[in-house]
Asker: 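There's a structure below that I have some questions on.
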Amino acid sequence: MLTAYKKAVQLVGHYVPQCRGMRWPDLAGIAKVESNHAIGRTIADNGDIRPRIYGVLLNGSGQGGNTTDFPDTDGGKWDGTANGERAVGPFQFLYVSSRGRRGRREDHDGPATDRRAS
């Protein structure tokens, strides 16, 4: 995982030029909290992790302390279920976070608001 953190820091400017990025220790800290660096899993050279890392199903059941019902956004393609949404991978991202809504937030209280740093 250390190799992946360092590579991400090197490549972020290529994919998102306006991003100032993070240092690899910051990425490592997030992954430590979210997945314990994928310990106990196999990490292929291309970055695939097996078995996959899934968070709790956000279906309002209260599992994992979450009581919000979050509707499915990927048809189960990334999180393995179409019965709701759950975070995936060592950083525990939701699929909807990567679908062109970068820097935007939507909630039940009103329209999307722009959160991008100026």
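All heavy atoms count here, side chains included; hydrogens, waters and symmetry mates do not.
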Asker: Evaluate side chain to side chain contact (heavy atoms under 4.5 Å, CB included) for Tyr54 paired with Arg86, printing each intermediate quantity in order.
Answerer: CA-CA 7 Å; Tyr54 294 126; Arg86 60 183 175 182; 3.6 Å; yes
Asker: When rounded to the nearest 0.5 angstrom, what is the spacing between CG in Asn36 and CZ in Arg41?
Answerer: 10.0 Å
Asker: Would you check if Leu57 and Thr81 make a side-chain contact, meaning some heavy-atom pair closer than 4.5 Å?
Answerer: yes
Asker: Grab the two heavy atoms, one from Gly84 and one from Asp72, that are nearest each other, plus how far apart they are.
Answerer: O-OD1, 3.1 Å
Asker: So, do Val12 and Met22 sit near enough that their side-chain heavy atoms are less than 4.5 Å apart?
Answerer: no
Asker: If you group Ile, Leu, Val, Met, Phe, Trp and Tyr by side-chain heavy-atom gaps below 4.5 Å, do Phe91 and Val33 land in one group?
Answerer: no
Asker: Going through the distances and angles, do Asp79 and Thr73 end up as a side chain to side chain contact (heavy atoms under 4.5 Å, CB included)?
Answerer: CA-CA 10 Å; Asp79 63 4; Thr73 61; over 6 Å; no
Asker: Mind listing the closest non-hydrogen atom pair of Gln92 and Gly89 along with its distance?
Answerer: NE2-O, 2.8 Å
Asker: Quick check: do Val88 and Arg52 have side-chain heavy atoms less than 4.5 Å from each other?
Answerer: no
Asker: Arg23: which residues meet the salt bridge (Lys or Arg N to Asp or Glu O under 4.0 Å) condition with it, sequence neighbours left out?
Answerer: Asp26
Asker: For the CG atom on Asn46, are there more than 12 heavy atoms of other groups (residues, nucleotides or ligands in this structure) within a distance under 6.0 Å?
Answerer: yes
Asker: Ile49, Tyr95: one ILVMFWY side-chain cluster at the under-4.5 Å cut-off?
Answerer: no
Asker: Which heavy atom of Ile53 sits nearest to which heavy atom of Ser35, and what is that distance?
Answerer: CD1-CB, 4.0 Å
Asker: Side-chain contact, heavy-atom cut-off 4.5 Å: Pro90 with His37?
Answerer: no
Asker: Indicate yes or no: at least one non-hydrogen side-chain atom of Asp74 is less than 4.5 angstrom from one of Glu85.
Answerer: yes
Asker: Can you list the steps and then say if Leu27 with Val9 is a side chain to side chain contact (heavy atoms under 4.5 Å, CB included)?
Answerer: CA-CA 9 Å; Leu27 297 175; Val9 169; 3.8 Å; yes
Asker: Ignoring hydrogens and angles, tell me if any N or O in the side chain of Arg50 forms a donor-acceptor pair with the backbone of Thr42 under 3.5 Å.
Answerer: no
Asker: Would Phe93 end up clustered with Met1 when hydrophobic side chains under 4.5 Å apart are linked, directly or stepwise?
Answerer: yes
Asker: Evaluate the side chain to side chain contact (heavy atoms under 4.5 Å, CB included) criterion for residues Leu58 and Leu94: first the C-alpha distance (whole Å), next the side-chain angles of each, then the deciding distance (0.1 Å), finally the verdict.
Answerer: CA-CA 10 Å; Leu58 303 176; Leu94 292 172; 4.0 Å; yes
Asker: Do you see a donor-acceptor pair shorter than 3.5 Å between the side chains of Asn59 and Ser61?
Answerer: yes
Asker: For the hydrophobic clusters of this structure (ILVMFWY residues joined by side-chain heavy atoms under 4.5 Å, transitively), does one cluster hold both Ile39 and Tyr5?
Answerer: no
